[in-house]
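Here's the structure we're looking at; comments come further down.
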Amino acid sequence: MERVPILKLGDILIISIQVDLEDQSVLALQEDLADKVVSTGARGVIIDITAVEIVDSFIGRMLATIAATSRMLDAETVVVGMRPAVAITLVELGLSLGGVRTALNLEKGVALLDHTRSAPR
Amino acid sequence: MSGDGHLLPIASNADVVAVRRQVRALAVDVGLSLVDQTKVVTAASELARNALVYAGGGRASIEIVENGVRKGLRLSFIDEGPGIPDLALALTDGWTTGSGLGLGLGGSRRLVDEFDLISAPGKGTTVTVTKWAR
Ligand SMILES: Nc1ncnc2c1ncn2[C@@H]1O[C@H](COP(=O)(O)OP(=O)(O)O)[C@@H](O)[C@H]1O
Ligand SMILES: [Mg+2]
């Protein structure tokens, strides 16, 4: 089973998914990340899926679950780098990921989080 | 129909990953567009996972098919699990007996050109899908 590394940059956690993950690894990532949000006090989470070739309902649910869990732990999540073919497929699959914020790339994702945190809550 | 058949076991999460990889490789071979490759691999992932989760495993058969000048990919997911009592219900978006999102069957049907679901209680389940190159 692959373990996805979680990087910390200031108060942001960055996860870059580089391999085709087994379902077990996806579940492990959800748990690792929730632990890490709490242990680091991170205020933002970025999930970089630039290298991800497909998002099926299992990965889609992971993205939504991470966003919801992190929000409950006071961190905002942004998914960055979704490929156009993946976006088209996800919508047709029936998953619109309404509760998940997205940005086109890592830089824009960081800017979005900075903006969110400087705005009054 | 060419003799390009591949039979893959679905007995573990790693096998589901292997099915995705093999479907992708053959989707490229038959000349599916990037979007269509993505759609058919996503459908394969859903259907292979269903065989693993609901039937304890099964197998995937992947073949290249031809219809005049068009080529396509035909995938079958075959298991000898408990079967599905109500097919229409199982195809309904959001309906699940597990902990999924209930989008695997209905979503897969939308992602491919042809979709055929054969199942009955105690008789196992076979889902066959075809995606044609445009
Ligand atoms: N191969 C199968 N064998 C038995 N039941 C199945 C199989 N595939 C799907 N099902 C049933 O159909 C339901 C819907 O499947 P699906 O649309 O993939 O959504 P999910 O997997 O999220 O529940 C499942 O919850 C299960 O009850
Ligand atoms: Mg499913």
Side-chain angles (χ1 to χ4, degrees), chain A residues 1-4 16-32 34 47-69 77 79-100 102 104, chain B residues 10-25 27-28 32-54 57 75 77 90-96 98-113 115 129 131:
Chain A
M1 185 178 96
E2 302 269 352
R3 210 102 191 172
V4 181
S16 182
I17 300 175
Q18 295 293 333
V19 293
D20 190 343
L21 293 175
E22 286 181 24
D23 290 359
Q24 287 310 315
S25 305
V26 169
L27 295 177
L29 174 58
Q30 276 175 209
E31 291 171 17
D32 290 352
I47 307 172
D48 181 4
I49 59 167
T50 308
V52 172
E53 293 183 337
I54 67 140
V55 173
D56 61 16
S57 66
F58 200 84
I59 302 275
R61 187 180 56 166
M62 172 196 77
L63 298 175
T65 302
I66 286 178
T69 309
T77 302
V79 172
V80 305
M82 186 182 292
R83 298 179 178 198
V86 168
I88 290 169
T89 300
L90 259 182
V91 170
E92 206 153 311
L93 186 65
L95 254 181
S96 54
L97 292 183
V100 180
T102 56
L104 286 184
Chain B
I10 305 171
S12 68
N13 286 309
D15 288 342
V16 176
V17 175
V19 167
R20 289 199 287 257
R21 189 178 313 128
Q22 186 69 57
V23 171
R24 168 76 68 173
V28 172
L32 292 186
S33 71
L34 182 57
V35 170
D36 284 345
Q37 289 169 33
T38 307
K39 288 180 179 180
V40 75
V41 175
T42 303
S45 184
E46 295 292 344
L47 298 173
R49 180 181 296 108
N50 279 354
L52 181 65
V53 171
Y54 301 112
L75 319 174
F77 299 84
L91 280 160
T92 306
D93 280 358
W95 192 83
T96 180
S99 57
L101 295 175
L103 292 174
L105 287 174
S108 299
R109 181 163 64 169
R110 287 187 290 274
L111 291 173
V112 298
D113 297 318
F115 181 96
V129 301
K131 191 83 184 165

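Lettering of chains follows the sequences in order, A, B, ..., and the numbering in each one begins at 1.
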Side chain, backbone, both or neither: which part of B:L101 has a heavy atom under 4.5 Å from chain A?
-> side chain
Got a second to check how far B:L103's CG is from A:L90's CG, nearest 0.5 Å?
-> 10.0 Å
Over all heavy atoms of both residues, which pair between B:S45 and A:I54 is shortest? Give the atoms and the distance, please.
-> CB-CD1, 3.9 Å
Between A:T89 and B:T42 the two heavy atoms that sit nearest each other are CG2-OG1, 3.5 Å
Within a radius of less than 6.0 Å around CD of A:E22, do more than 12 heavy atoms belonging to other residues, nucleotides or ligands occur?
-> yes
Which of the residues B:S99, B:S12, B:S33 is involved in the greatest number of heavy-atom pairs with chain A at under 4.5 angstrom?
-> B:S99
Looking at A:R83, A:E53, A:M1, which makes the most heavy-atom pairs under 4.5 Å with chain B?
-> A:E53
Which residue, B:L34, B:D36, B:V35, B:L111, forms the side chain to side chain contact (heavy atoms under 4.5 Å, CB included) with A:I88?
-> B:V35
Which atoms of B:R49 come close to chain A, meaning under 4.5 Å heavy atom to heavy atom: side chain ones, backbone ones, both, or neither?
-> side chain
Segment of B:R24 engaging chain A (4.5 angstrom heavy-atom cut-off) | side chain
Under 3.5 Å side-chain donor-acceptor pair for A:S57 and B:E46 = yes
A:D20 CG to B:R21 CZ distance, which is reported to the nearest 0.5 Å | 7.0 Å
Proximal component of B:V16, with respect to chain A [non-hydrogen, under 4.5 Å] | neither
